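The model shown is predicted, which means the values in this text are computed figures rather than measured ones.
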Amino acid sequence: MTNGDPVSWLMIEPGWKVVDSQGQEVGSVDEVAGDSSDDIFNGLSISMSLLGKPRYVPSEQVGTITEGRVHLTLTKDQIEHLGEFEEPATSAEILPEGAGAMRRAEAAVDAPTRSHAEGLNFVTRVAHAVRRIFRR
């Protein structure tokens, strides 16, 4: 595979470069939002600066995805005006009050209600920034 070959959204990893519609680097991927089991891509959380809040880019604004790089259909100015990324709500199955203990235990395993195991933090952003600098 060459650098120009398109790849699936499932391949996107934190730290990949994000470029605007003009091809200028505007940041890096922090998190991918979607449901891989149903192949539903919702969008990306991108970091534009080391200390800035992550921005949410809806999937409709993602153009070509190539190895290590995500091309957006937005200009840098448009990206700067995107909303902040908010952690998606977890889902849980609501059981009737009469559900037995076994069914409730199964539901806790099927749909745990907790946030992602790996949260975005300052150290992660620094690591992504350092990786971007040395890949140039």
Shortest non-hydrogen contact from [X] toward [Y]:
X     : Y     : result
Ser28 : Gly15 : CB-O, 4.0 Å
Thr66 : Gly4  : CG2-O, 3.6 Å
Val57 : Gln61 : CG1-CB, 3.9 Å

Kindly indicate whether the side chain of [X], heavy atoms from C-beta on, has any atom under 4.5 Å from the side chain of [Y].
X     : Y     : answer
Arg55 : Ile46 : yes
Met11 : Ile65 : no
Leu82 : Leu74 : yes
Val62 : Leu72 : yes
Leu10 : Asp39 : yes
Ser59 : Asn42 : no
Glu80 : Met48 : yes

Exercise. Val29, Val7: one ILVMFWY side-chain cluster at the under-4.5 Å cut-off?
Worked result: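 Linked, Val29 and Val7 end up in one cluster.
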Exercise. How long is the span from the CD atom in Gln78 to the OG1 atom in Thr73, to the nearest 0.5 Å?
Worked result: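 The CD atom of Gln78 sits 7.5 Å away from the OG1 atom of Thr73.
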For this session: Drop me the distance from Glu25's CD to Lys76's NZ, to the nearest 0.5 angstrom.
Result: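 With rounding to 0.5 Å, CD (Glu25) is 10.0 Å from NZ (Lys76).
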